Structures are given as structure tokens and as C-alpha cells.
A.B. asks: 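Mind having a look at this structure? Questions to follow.
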Amino acid sequence: MKKFIGWFFLFLTGFSSGELLSQGKLMGQIVNKDGAPVSGVAVFISGSASSQATISNAKGYYVFLAVPEGNYELKASRRGTTPWRQNITISSEQTQRLDIRLGVEPIVASISPSQPVPVESKPKREDKPKERVSAITSSPSKAQDSQPNEAKTSETPASPFTAQQKDESLAIAMKQAEANAKTFAESEFTIAEKEIEVEGGMETIYKKLVYPMAAEKAGIEGKVVVRIAVDREGNVSQVLLISSASPLLNEEVFRVITEEVKFKSAIMDGKPVPSVITIPISFKLR
């Protein structure tokens, strides 16, 4: 039964078994200018291969468990803060880490295929090498090269936690991501007494949507379909893009779902449970 659920999950997310094997993981911690962790930050990754969103946990950690290899734009935003953006490259079968400091611009605006994410060499004596975690870093600029004696600024922010606390917090974030994947996989087999509801109904979503100016000027319309994992407290834990209309429209849907809308969790056996809801959102010009 577990094997069947796993393969059905591949079908739901649109990935073949070969694509799944070529995927990577992305994780990191989000902090403010002072280095304190920031929870409730919406983190989006958008690319031709996949578009997903997740939320940073109480210790500021975010995790994407299955990201197809390719180039993406990563954006982190929270109401009241300036969005943080950076272009990244995800490598297959690699766990990569990118820490984010809100309010501080990334050292490098983008990481292109010509500037690959550093990957540690595989150990020679292991038949099945353990998964390696590599940091997404920037290549030094020409100015930095001309001044080799100067200390170079690290993009990784200082953390108020001990190494053990950081490991435990990241482990919690990983478990949540795994729970989200399980929720997506099992949702089709679960019949709740009461399904997830959008507080205020679908009209609430449309009231919060702001038609992107660039999309409006270009005359872009379409339908965006997302699958949303909602935990037992009614919080959005992860969003998967099922059908895309335009990157501009996709990002606005992610913003509204993660920042503007509240949900009522599903009920089973009289208790709230994690579940999944699929929502289609249409954009039409007046």
C-alpha cells in the first residue's frame, strides 16, 4: 500500500520516477538584519521545471524536499518587509543550503550555469555515498579579486543558536516537509467529515488578488491551479503549482495564498487533521 501511495504521489505532482531521482533539496534559515530568525516568511521558487512555495517555521527554517534540476528564481517575502530575490541553480541529487537575511541584498544577484553551485566530491570508500549538503555561495567579484587581503563578507548570517539547537530546528523543518509530502500523497485516499474551507469563501481570495501591472499591460489572462497543504491549525504549510498561466500570475497567487488568506482545517473523527485543497484561480481583464 505504501509503495502504491508513493507512485500515486508521483502522478499527482507530475513527476516521473526518473525525474524524481534527478531532483535536489533546498533548505536554509531566514533571519532579520540582526541575525534573529524570522518565522512565517513565504518562500517561493519559480522555474520552468517547477514552482513551489513554503513557509519558514518558528526558528526561521524552510525546506523544499523535491526540486527538479534547473534554474530558478527564489523569493522570500513577508508582509511589511522588502522581498528578497536571487536566481539559483538546483543540482540533481544534492542537498543545497541558502540562508537568507531579510532587508539585506544578496551578494550576487544570480547564479548562472556558468557559476555552478559548489558540490563536494563524493567519498571514494563508500559504495553508497551519503547525501552531501553544499552551500549556495557567490563567486568573488573583480573588486574582491583585486584586494585579496581584505576579509570577504559571508552571506551566511550569524545565528543566536548553538550548533545543536540549529540541527534540531532544521530536523523539525525536515520532518514538516516530509509530513507535507505524505499529506499530498495520501489526500486522495482520505475522505474527511469536513473538508478544508477558505475563510470567507473564494470571493475572499479574489478580493485580495492584485492584478500584476506588467501582466495587465501585456494583456495576460489565464487560470492558475494550486494544491495547498493545510495543517491541523489551518496554516498553509506548502503550495504546489499544478497549472500555470504566467510567472507573474503564479507569484501573485502564491502571495495571496500564503499571506492574505486563512483556512479552516479539515475534520476527521471530530478532530482537525492535515489535508490538501485544490484551488483554481482565474485572471480576467476587465
Side-chain angles (χ1 to χ4, degrees), residues 24-47 50-67 71-90 94-111 117 133-138 153-181 228-231 233 235-241 250-261:
K25 297 183 180 69
L26 176 65
M27 62 186 66
Q29 186 183 31
I30 302 175
V31 300
N32 59 20
K33 291 182 179 180
D34 299 323
V38 185
S39 63
V41 178
V43 186
F44 319 112
I45 52 170
S46 301
S50 178
S51 292
Q52 306 178 38
T54 190
I55 311 293
S56 64
N57 69 6
K59 301 300 183 182
Y61 285 97
Y62 71 92
V63 175
F64 291 99
L65 277 184
V67 184
N71 299 321
Y72 295 87
E73 181 187 54
L74 184 145
K75 175 185 174 183
S77 67
R78 186 184 183 191
R79 190 181 302 176
T81 65
T82 302
W84 188 100
R85 295 176 183 268
Q86 182 168 332
N87 292 333
I88 63 174
T89 298
I90 297 297
Q94 292 291 324
T95 297
Q96 298 167 220
R97 175 163 180 163
L98 176 58
D99 291 340
I100 297 169
R101 190 189 290 260
L102 290 179
V104 177
E105 290 294 325
I107 294 176
V108 170
S110 65
I111 298 176
V117 175
V133 178
S134 60
I136 297 182
T137 57
S138 59
T153 303
S154 171
E155 186 175 346
T156 303
S159 173
F161 300 112
T162 65
Q164 181 179 356
Q165 288 173 325
K166 289 170 67 176
D167 289 343
E168 291 174 352
S169 299
L170 183 55
I172 292 173
M174 288 289 290
K175 287 181 179 179
Q176 179 59 56
E178 291 168 357
N180 292 340
I228 307 162
V230 178
D231 64 22
E233 283 78 35
N235 301 314
V236 174
S237 54
Q238 190 163 359
V239 184
L240 294 179
L241 181 70
N250 299 342
E251 186 171 311
E252 177 59 12
V253 170
F254 281 158
R255 182 193 70 80
V256 171
I257 292 299
T258 57
E259 297 182 7
E260 302 282 359
V261 180

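Heavy atoms only: backbone and side chains are in, while hydrogens, waters and symmetry mates are out. Just so it is clear, the structure is predicted and the values come from calculations on it, not from any experiment.
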A.B. asks: Would you sort out whether Lys25 and Val63 count as a side chain to side chain contact (heavy atoms under 4.5 Å, CB included), showing the intermediate values?
C.D. replies: CA-CA 8 Å; Lys25 297 183 180 69; Val63 175; 6.0 Å; no
A.B. asks: Using side chain to side chain contact (heavy atoms under 4.5 Å, CB included) as the criterion, point out the one residue from Met174, Met27, Gln29 that pairs with Tyr61.
C.D. replies: Gln29
A.B. asks: Mind checking what makes side chain to side chain contact (heavy atoms under 4.5 Å, CB included) contact with Ser46, not counting sequence neighbours?
C.D. replies: Ser51
A.B. asks: To the nearest 0.5 Å, what is the distance between CG (Asn87) and OH (Tyr72)?
C.D. replies: 13.0 Å
A.B. asks: Are any non-hydrogen side-chain atoms of Ile257 and Val236 less than 4.5 angstrom apart?
C.D. replies: yes
A.B. asks: Distance-only, no hydrogens or angles: does the Arg101 side chain make a donor-acceptor pair with backbone N or O of Lys33 under 3.5 Å?
C.D. replies: yes
A.B. asks: Would you indicate whether the side-chain heavy atoms of Arg78 and Val38 approach each other to under 4.5 Å?
C.D. replies: yes
A.B. asks: Are the side chain of Gln96 and the backbone of Thr89 linked by a donor-acceptor contact shorter than 3.5 Å?
C.D. replies: yes
A.B. asks: Any donor-acceptor pair under 3.5 Å linking the side chain of Asp231 with the backbone of Glu233?
C.D. replies: yes
A.B. asks: Out of curiosity, Ile30 CD1 to Ile100 CD1, how far, rounded to the nearest 0.5 Å?
C.D. replies: 4.5 Å
A.B. asks: Rounded to the nearest 0.5 Å, what separates atom CD in Glu251 from atom CZ in Phe44?
C.D. replies: 6.5 Å
A.B. asks: Is the backbone N or O of Val41 less than 3.5 Å from a side-chain atom of Ser56, with the two atoms forming a donor-acceptor pair by type?
C.D. replies: yes
A.B. asks: Does any non-hydrogen side-chain atom of Leu26 lie less than 4.5 Å from one of Ile88?
C.D. replies: yes
A.B. asks: Which value, rounded to the nearest 0.5 Å, describes the distance between Leu74 atom CG and Ile45 atom CD1?
C.D. replies: 7.0 Å
A.B. asks: Just to verify, what does Ile55 make a side chain to side chain contact (heavy atoms under 4.5 Å, CB included) with, not counting sequence neighbours?
C.D. replies: Ala42, Thr258
A.B. asks: Considering non-hydrogen atoms only, spot the tightest contact between Pro37 and Lys59 and give its length.
C.D. replies: CB-O, 3.1 Å
A.B. asks: Report the residues that fulfil ring pair (Phe, Tyr, Trp, His ring centres under 6.0 Å) with Phe64, sequence neighbours left out, ordered by chain and then residue number.
C.D. replies: none
A.B. asks: Quick one: closest heavy-atom pair of Leu98 and Tyr62, and the distance?
C.D. replies: O-OH, 2.7 Å
A.B. asks: Can you list everything that forms a salt bridge (Lys or Arg N to Asp or Glu O under 4.0 Å) with Glu73? Sequence neighbours excluded, please.
C.D. replies: Arg85
A.B. asks: For Asn57, enumerate each residue passing the side chain to side chain donor-acceptor pair (under 3.5 Å) test, keeping only those at least two apart in sequence or located in another chain.
C.D. replies: none
A.B. asks: My understanding is that only residues two or more places apart in sequence, or in another chain, count here; which of them pass side chain to side chain contact (heavy atoms under 4.5 Å, CB included) with Glu260?
C.D. replies: Arg79, Lys208, Arg255, Val256
A.B. asks: Before giving the answer on side chain to side chain contact (heavy atoms under 4.5 Å, CB included), spell out for Gln52 and Leu241 the whole-Å C-alpha distance, their side-chain angles and the decisive distance to 0.1 Å.
C.D. replies: CA-CA 6 Å; Gln52 306 178 38; Leu241 181 70; over 6 Å; no
